[in-house]
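The chains referred to below are lettered A, B, ... by the order of the sequence lines, with proteins before strands, and numbering in each begins at 1.
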Number of protein chains: 2
Amino acid sequence: MNDVTQPVSRTVGILAGMGPAAGVDFVRLFVAACESWLREHGHPVLDQSYPEHWMAQLPVPDRTLALSDASAEQPLDAMARGLRQLASLGATAIAIPCNTAHAWHAALQERVPEVELLHIASETATDVERRGLARVALLATEGTYGAGLYGHAFDALGIQCLLPDQAARKRLMQGIYDGVKAGDLALAQQCFTEVGEQLRAQHGDIALVMACTEIPLALPQAPAARGWTLIDPTAILANALARRAYARA
Amino acid sequence: MNDVTQPVSRTVGILAGMGPAAGVDFVRLFVAACESWLREHGHPVLDQSYPEHWMAQLPVPDRTLALSDASAEQPLDAMARGLRQLASLGATAIAIPCNTAHAWHAALQERVPEVELLHIASETATDVERRGLARVALLATEGTYGAGLYGHAFDALGIQCLLPDQAARKRLMQGIYDGVKAGDLALAQQCFTEVGEQLRAQHGDIALVMACTEIPLALPQAPAARGWTLIDPTAILANALARRAYARA
């Protein structure tokens, strides 16, 4: 029996493991977004006020490697399997806290048409437009740059999306793989702030979109990044999933 | 195709939502425990080195209320449903990051005999024995005290388990429900440190077992608790689940 003050909610899913620490960070942001939603809507914050949510942390083949080398193990089947399992658990909307994985967004949505698969770049572009920003710079993996995930989303809203040069992109990959994924946060901070400083030297106080879920695990805590405008697509996606969970069916 | 340096692992499950922030903290500790295991065993720390794990955050009726009032909504069916779903996803071992929920441990294990359901108090007692401690003091919910969950586990290993008085227990419940679960961490810290100070005044520098998953979300960060010996059953359970995941079948 539901308390009359309890909100109606729907089951949602999180397809994660890319990497696992980013999955943890995403579910933390999702729970925080639900708590904010409850407070804003005047509901008591109780264990039972949160929507049912399932998180799968699966060992998915590397996304950037798969995009650059067609003979490498591809992640589509592993992700599609996880999505189908989440759908069978009753999830009506699913978020994937991995930017590069969105290169397979259309293929995945086609395989599991019964759920709404959120798109991290579309949600981010909408949020950036809402903030009234005319241009941003993109920190991402080679896979995300190559697939043009954010370029398309920002273009559609008339927002200019600036990219770092080749050397800076290599430095970002080092921070992501040898840094965060390998547990070396000091190296990650060094790589990410170096690229941020370069972009700010070129373009002034530009908003930096942290478009790989590993980047917000290190960059915002770096002393050099204090005062920078950082946009976190992971947090934006978590908020979007919370809104879907509390949307009345 | 697995890299030869990749460890063999089994799927494990986390039945959570009691409360959701404690579930997030548990999966964070689990991922950290897996990373430690990988380093200790000489495996590279890659996304694909982590075991497949599923976390269900379900709206489960209040455990302590159910134990004190037989006419209140009972949590057994909701928890059993979650366990069966985790088992159907392939989980071979499951942890529940809620101490009070372990009052139903035997009933749950009976309903889902095909998986190993870890017991937070047994794992903690074994860990405390390994540290060579002869006595501890227990911070918990009324439900956990009433069910004698830790008393039995510590007794079995000859470890003395001291309990706070009635007024202190009320203060702990306030810190758990009006503090952590309701998002008021300052109140939670005040309640928890007050009880800790009282126990230390009575028993000296005794190890405090934080036997409610909400307590480690506030007490260790409290300035007053600096230098105290705190035992975190949530972290012990997370380590135990990581060991199960990497145990060869």
Student: Less than 4.5 Å to any heavy atom of chain B: does that hold for the side chain of A:Gln48, its backbone, both, or neither?
Tutor: both

Student: Which of the residues A:Ala56, A:Pro20, A:Ala182 is involved in the greatest number of heavy-atom pairs with chain B at under 4.5 angstrom?
Tutor: A:Pro20

Student: Which residue, B:Arg243, B:Arg244, B:Arg10, forms the salt bridge (Lys or Arg N to Asp or Glu O under 4.0 Å) with B:Glu116?
Tutor: B:Arg244

Student: Heavy-atom pairs under 4.5 Å with chain A are the metric here; pick the option from B:Arg81, B:Glu35, B:Met18 that has the most.
Tutor: B:Arg81

Student: For A:Trp54 and A:Glu52, which I'm curious about, is there any donor-acceptor pair between the side chains at under 3.5 Å?
Tutor: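 A:Glu52 and A:Trp54 do have a side-chain donor-acceptor pair below 3.5 Å.
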
Student: Hey, can you tell me if B:His119 and B:His105 have their rings parallel, tilted or perpendicular (30° and 60° cut-offs)?
Tutor: tilted

Student: Counting only heavy atoms closer than 4.5 Å, note whether A:Pro44 contacts chain B via side chain, backbone, both or neither.
Tutor: neither

Student: Which heavy atom in B:Ile176 sits nearest to a heavy atom in B:Cys212, and how many Å separate them?
Tutor: CD1-SG, 3.7 Å

Student: Sort out for me which residue in B:Asp62, B:Thr213, B:Thr144 forms a side-chain hydrogen bond (donor to acceptor under 3.5 Å, both in side chains) with B:Thr100.
Tutor: B:Thr144

Student: Using heavy-atom distances under 4.5 Å, tell me whether A:Val31 contacts chain B through its side chain, its backbone, both, or neither.
Tutor: side chain

